[in-house]
Protein chains: 2
Amino acid sequence: MKIQAYDISKTASAATLIFDAIRQAIITGDLAQGEPLRQEDIARAFNVSRIPVREALQKLEQHGLIVSQRYKGAVVAGLSLEEATEIFEFRALLEPEVIRRAVPHMSPQVLQEAARCCAAFGNAEDPMQWGDLNRRFHTTLYAASGLAYHLEMLNKAMDRIDPYLRAQLLLSDGMQRANREHLMIVDACKSGQADKAADLTRQHILGAQESLSRHWQK
Amino acid sequence: MKIQAYDISKTASAATLIFDAIRQAIITGDLAQGEPLRQEDIARAFNVSRIPVREALQKLEQHGLIVSQRYKGAVVAGLSLEEATEIFEFRALLEPEVIRRAVPHMSPQVLQEAARCCAAFGNAEDPMQWGDLNRRFHTTLYAASGLAYHLEMLNKAMDRIDPYLRAQLLLSDGMQRANREHLMIVDACKSGQADKAADLTRQHILGAQESLSRHWQK
DNA sequence: GCTTCCCATTTTGGATACAATATACAATCA
DNA sequence: TGATTGTATATTGTATCCAAAATGGGAAGC
């Protein structure tokens, strides 16, 4: 077999593509909270019928990114300070354990990739990349844990607060501190100090939560 | 207003009703793992078109209760020992913290309801009720935590392993031990010992996990 | 007999059409 | 004028129909 083959059945369905596009728009903040999402409009924009659009919207609702009411349509979900706080607490519970279990299985490639994220993070030109790199840094390290279920839950939790994290990175010292803490975490991982990495991760999250609470405005 | 009114808009849609029915059938074990779910059959059974059925199936897939492949249909999801173990670990991480935070807010009514679950659990005639009562016992206590997001995640995790928990309760000493541990947990809650309740909950879960591993067969 | 290919059937994905419900505005009456 | 009711429009929920893909079985070839 000479050609680069891949499983065609894994090719995204229309619904998946729409889901990804809207999800991206929400977590980057392009779609503000409360923004209504009309099936017909979206269908026209993607040149499909409303059926796959409805599938995408349903998936988005399951992820907590939108809220929809029967016969009334869907809007981009908002987030109260209380809800945001709870999601940070959720992360603070899971992520330390995940990284603790991941450290012993981190390959040099993984550590290198994490370091690359840090570097790119440090001298990224576009602030919009910060959010992506931050996300990639964490998921790269966590992947080694092999805890697929935990990671799935974490990803959804991250999606939920992503727009707020991006806003926070734009604060005066938000990005610097995140970068500093990332470097400490990856150092702990490199030296195999699982518990230290877990503790740093926990503080990284709680620090972000505290910063978010302080600058909350809605 | 003289007539007994209620919010009609809260009436479930066809898709929701179908989702609930199939979910129930899966977590009680009526639908065994690997069982195929054909849209046409389900639609006929509920006397609706395939559209709401498809929505229900999508929701079930997002809950992890079924797995579906493009153009190939859906089957009831199976669970490997590794996946089951991870879900127990997930619960063991969340539930102790949830109950710890719930204890200070437990009203007498909540404690009474939990006690009622224990009593009913103790002398239930139908083993099929055990699973329901077990579920209700935990959710009752946890509800006081106010951690809506955590509870939502936990509910999905519980759904995933529910059929296996029910099977385990049927084991010789499964139900007795569960009942004993439930009583200890509710006692700790009554006396306001949050940390003790958390620890008992953790051991309750890890014990169940260990029992499941021992009797695993597939 | 075994394999391979082709085609018919089954089943799912998606488009179009229609029904049910919400929302906004006009019309009516006190 | 103000409230209330009828009506039109917009939007979502569902049914029906068609297209695309998978599955299974039989015929042709070795």
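Labels below follow one simple rule: chain letters A, B, ... track the order of the sequence lines, proteins then strands, and each chain is numbered from 1. A quick note: this is a predicted structure, and the numbers were derived from the prediction, not measured. Hydrogens, waters and symmetry mates are skipped; everything else that's a heavy atom, side chains included, is used.
- Within the nucleic acid shown, B:L57 has no heavy atom closer than 4.0 Å to any nucleic acid atom.
- Taking 3.5 Å as the limit, the base of C:dG14 and the side chain of A:R54 contain no donor-acceptor pair of atoms between them.
- Ring pair A:W216/A:Y164 is parallel by interplanar angle, where below 30° counts as parallel and above 60° as perpendicular.
- For the pair A:R44 CZ and C:dT16 C1', the computed distance is 15 Å after rounding to whole Å.
- If you measure from atom CZ of B:R70 to atom P of D:dT23, you get 14 Å, rounded to the nearest angstrom.
- Taking atom CZ of residue A:R38 and atom P of nucleotide C:dA22, one finds them 16 Å apart after rounding to whole Å.
- Nearest nucleotide to the B:Y71 side chain, out of D:dG13, D:dA21, D:dA15: D:dA21.
- Look at CD on A:Q58: it is 15 Å from P on D:dT12, rounded to the nearest Å.
- The side chain of A:P52 lies closest to C:dA15 when the candidates are C:dA15, D:dT16, C:dC18.
- Between the side chain of A:R50 and the base of C:dG14, no donor-acceptor pair of N or O atoms lies under 3.5 Å.
- Checking C:dT21, D:dA15, C:dT16 against every side-chain atom of B:I51, the shortest atom distance belongs to D:dA15.
- Rounded to whole angstrom, the span from the CD atom of A:Q39 across to the P atom of C:dA22 amounts to 15 Å.
- For the pair A:S49 and A:K72, nearest-nucleotide mapping onto DNA chain C gives the more 5' position to A:S49.
- Taking the six-membered ring where tryptophan is involved, the planes of A:Y149 and B:F90 are perpendicular, since the angle between them exceeds 60° and thus also 30°.
- As judged by a 4.0 angstrom heavy-atom cut-off over every strand, B:A14 is placed among residues touching the sugar-phosphate backbone only.
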